[in-house]
Amino acid sequence: MMSTFNLIISLHMSNKQTKPLDFDRQHVWHPYTSMSKPLPSYFVESAHGVHLQLGSGEKVIDAMSSWWAVIHGYNHPALTKAITEQAAKVSHVMFGGLTHQPAIDLCQKLVELTPEPLQKVFLSDSGSVAVEVAMKMAYQYWFAVKASQPNLYKATDKTKLLTVKNGYHGDTFAAMSVCDPVNGMHQMFENVINKHYFAPAPKTRFGDAWDESELTELKALFAEHHQELAAFIIEPIVQGAGGMRIYHPEYLKACRTLCDKYQVLLIADEIATGFGRTGKLFACQWAAITPDILCLGKALTGGYMTLAATMCTDNVATTVSNSEAGCFMHGPTFMGNPLACAVANASLDLLIKDNWQEKIAAIELQLQQELLPLSAHSQVADTRVIGAIGVVEVKSLVNMSQIQKRFVELGVWIRPFGKLIYIMPPFIISPVELSKVIAAITTVLDENDCFIGE
């Protein structure tokens with residue numbers, strides 16, 4: 001009878017005979033993909049600069065920065081050096097009761113880069129967790145306030161959040177509860193997640209004349225529900241996976257004013273927009289506002305490792321810390337991972353040294369000149385640009401398998417969804433490379449088999 005060990009070895013050797021992509025298709029569950037009818041996956045052999053070298057021989061320009069993260073491009077020598085040097089010292093150590101220089105340096109940089117009121121930094125593993133931490137922070141803040149001022153709020157108050165439709169804040173359970181409940185990706189979970197309040201999505205586009213009337217329903221929700229609202233959470237200026245919508249800074253200013261008026265904490269989810277992507281270091285700067293709690297992630301490490309941060313004001317941190325619990329009740333195992341902190345430090349240093357403002361301005365200008373005119377195409381409903389973000393909203397749903405195949409054939413990596421063909425290239429992309437990306441989008445717009453109708 002074969003031993004368990006020998007059986008495992010036998011299965012492993014058998015699996016090694018299977019082509020990697022065949023094994024991947026049969027056993028590896030990719031994000032937002034069916035296992036019974038999986039979308040094709042393209043094998044990446046290596047990556048350098050803005051290019052991915054595929055196993056099939058194609059070399060493609062990554063116009064997605066691996067979901068907003070790889071802002072400096074792949075295999076950057078400064079980032080690779082930081083992570084390898086740190087690995088030779090210590091790759092991981094628990095953050096409970098211990099600390100280390102990379103984490104201290106990173107938190108110091110974040111405090112220096114963000115608005116002055118944001119003084120405290122809680123490190124975690126990913127963007128979704130950063131949002132969970134922010135929500136938990138807000139709840140625990142009001143638990144502490146109620147404990148110290150029992151007559152101020154009823155026992156059941158301050159346990160809800162307010163947000164806007166078309167938002168996206170992550171795929172973990174608390175984060176899902178503040179994503180769009182109807183048009184978002186998590187509608188099937190509506191009976192198992194907490195229920196919160198949703199205002200209409202911001203309507204006035206960035207750059208258009210501000211329409212004060214769009215605040216009517218938002219103001220009404222604050223007025224009616226503020227006694228039970230712990231926080232208001234929003235993606236500043238750009239709503240990402242909820243539709244790539246770019247809205248007016250006055251809306252964000254109004255959110256800050258309403259939060260102050262009704263004693264509601266403001267959480268800004270800058271996981272996608274932070275670190276220069278919109279043309280400001282942080283998108284909140286477009287409205288000249290500071291949140292009570294700020295969520296950061298994605299580009300924080302230049303796309304090398306997963307790491308996120310939730311920052312808050314002294315008031316939030318002190319109130320939570322002076323509560324009956326005496327501490328904030330959260331502690332990820334890989335919190336403050338030295339490798340991630342070391343590469344994040346190098347990424348932030350590189351961002352500042354390489355004059356990110358000029359790079360983003362050049363990308364934005366080229367997108368305005370070459371991408372925005374696609375709005376005249378019969379297949380296109382709208383185009384929009386801010387910073388290093390370009391969006392082509394088409395009239396028909398994309399045929400994901402076919403359009404992905406065509407983009408690869410055209411030498412670019414773009415991952416559309418729904419009716420959105422959007423790009424957020426690495427900041428180091430050259431004008432010639434960006435033109436090639438836009439030309440590929442222009443090409444597929446003329447190919448009917450890349451779309452499947454409504």
Side-chain angles (χ1 to χ4, degrees), residues 44-53 61-62 64-96 98-114 118 120-127 129-130 133 270-277 281-282 294-311 332-360 363 388 424-430:
V44 178
E45 287 188 341
S46 61
H48 188 83
V50 300
H51 291 96
L52 303 175
Q53 181 63 56
I61 299 168
D62 179 11
M64 308 301 293
S65 296
S66 277
W67 276 336
W68 310 75
V70 186
I71 57 175
H72 306 298
Y74 295 93
N75 201 14
H76 194 289
L79 304 189
T80 301
K81 179 183 178 183
I83 204 167
T84 52
E85 287 184 352
Q86 183 58 43
K89 298 174 184 176
V90 55
S91 294
H92 181 63
V93 63
M94 66 182 290
F95 214 53
L98 299 172
T99 193
H100 48 81
Q101 199 64 48
I104 294 168
D105 291 345
L106 175 59
C107 292
Q108 183 176 357
K109 285 184 173 72
L110 292 176
V111 169
E112 290 172 351
L113 289 173
T114 53
L118 297 167
K120 303 297 189 277
V121 188
F122 191 94
L123 300 171
S124 61
D125 311 64
S126 69
V129 176
V133 167
E270 291 243 23
I271 290 158
T273 54
F275 306 110
R277 179 59 67 177
L281 192 58
F282 300 101
L294 174 68
C295 301
L296 301 171
K298 287 191 181 292
L300 178 58
T301 67
Y304 263 63
M305 292 190 69
T306 180
L307 180 69
T310 305
M311 301 183 67
T333 299
F334 287 93
M335 178 177 178
N337 174 261
L339 293 177
C341 291
V343 76
N345 281 314
S347 178
L348 294 179
D349 289 345
L350 194 60
L351 185 69
I352 303 304
K353 184 186 76 173
D354 280 5
N355 201 347
W356 63 270
Q357 295 100 325
E358 287 187 8
K359 291 183 176 180
I360 300 301
I363 292 171
M424 66 282 284
F427 297 172
I428 63 167
I429 195 167
S430 72

Notebook entry, point to check: Is any side-chain heavy atom of Asn345 closer than 4.5 Å to a side-chain heavy atom of Pro102?
Noted result: yes
Check: Nearest 0.5 Å, what's the CZ-CD1 distance between Arg277 and Ile271?
Finding: 15.0 Å
Checklist line | Test item: Val343 and Gln86 side chains (from C-beta on) under 4.5 Å apart, heavy atoms | finding: no
Margin query: Can a donor-acceptor pair be found, under 3.5 Å and without considering hydrogens, that links the side chain of Ser65 to the backbone of Pro425?
Written below: yes
Margin query: I'd like to know if the side chain of Thr301 and the backbone of Met305 have a donor-acceptor N/O pair within less than 3.5 Å.
Written below: yes
Check: Can you list the steps and then say if Met424 with Trp67 is a side-chain contact (heavy atoms from CB on, under 4.5 Å)?
Finding: CA-CA 8 Å; Met424 66 282 284; Trp67 276 336; 5.8 Å; no
Next item on the list: Decide yes or no for Leu339 and His92: does some side-chain heavy atom of the first lie under 4.5 Å from some side-chain heavy atom of the second?
Entry: no
Next item on the list: Using a 4.5 Å cut-off on heavy atoms from C-beta on, say whether the side chain of Met311 contacts that of Val111.
Entry: yes
Next item on the list: Can you measure from CG (Leu52) to CE (Met64) and round to the nearest 0.5 angstrom?
Entry: 11.5 Å
Next item on the list: Locate the shortest heavy-atom distance separating Ala342 from Ala82; write the atom from each residue and the value.
Entry: O-CB, 3.8 Å
Check: Taking side chain as C-beta onward, heavy atoms only, is Pro332 less than 4.5 Å from Phe122?
Finding: yes
Notebook entry, point to check: In terms of side-chain heavy atoms, does Tyr74 have a donor or acceptor partner in Ser46 at a distance below 3.5 Å?
Noted result: no
Validation: residues 348-358 side-chain donor-acceptor distances under 3.5 Å, sequence neighbours left out:
unit_1	atom_1	unit_2	atom_2	d
Asn355	ND2	Glu358	OE2	3.1

Note to self: Can you confirm whether Ile61 sits close enough to Ile429 that some side-chain heavy atom of one is under 4.5 Å from a side-chain heavy atom of the other?
What the structure shows: yes
Note to self: Going by the rule ring pair (Phe, Tyr, Trp, His ring centres under 6.0 Å), which residues pair with Phe282 if we only count those two or more places apart in sequence or in a different chain?
What the structure shows: Phe275
Note to self: Can you give me the closest heavy-atom contact between Val93 and Pro338, atom names plus distance?
What the structure shows: N-CD, 4.0 Å
Checklist line | Considering all heavy atoms, the nearest Ala78-Ala346 contact | finding: O-CB, 4.0 Å
Notebook entry, point to check: Checking Thr306 side chain against Asp125 main chain: does a donor-acceptor pair fall under 3.5 Å?
Noted result: yes
Notebook entry, point to check: Does a side-chain heavy-atom distance below 4.5 Å link Ser347 with Leu79?
Noted result: yes
Margin query: Could you tell me if the side chain of Leu106 sits less than 4.5 Å from the side chain of Val121, heavy atoms only?
Written below: no
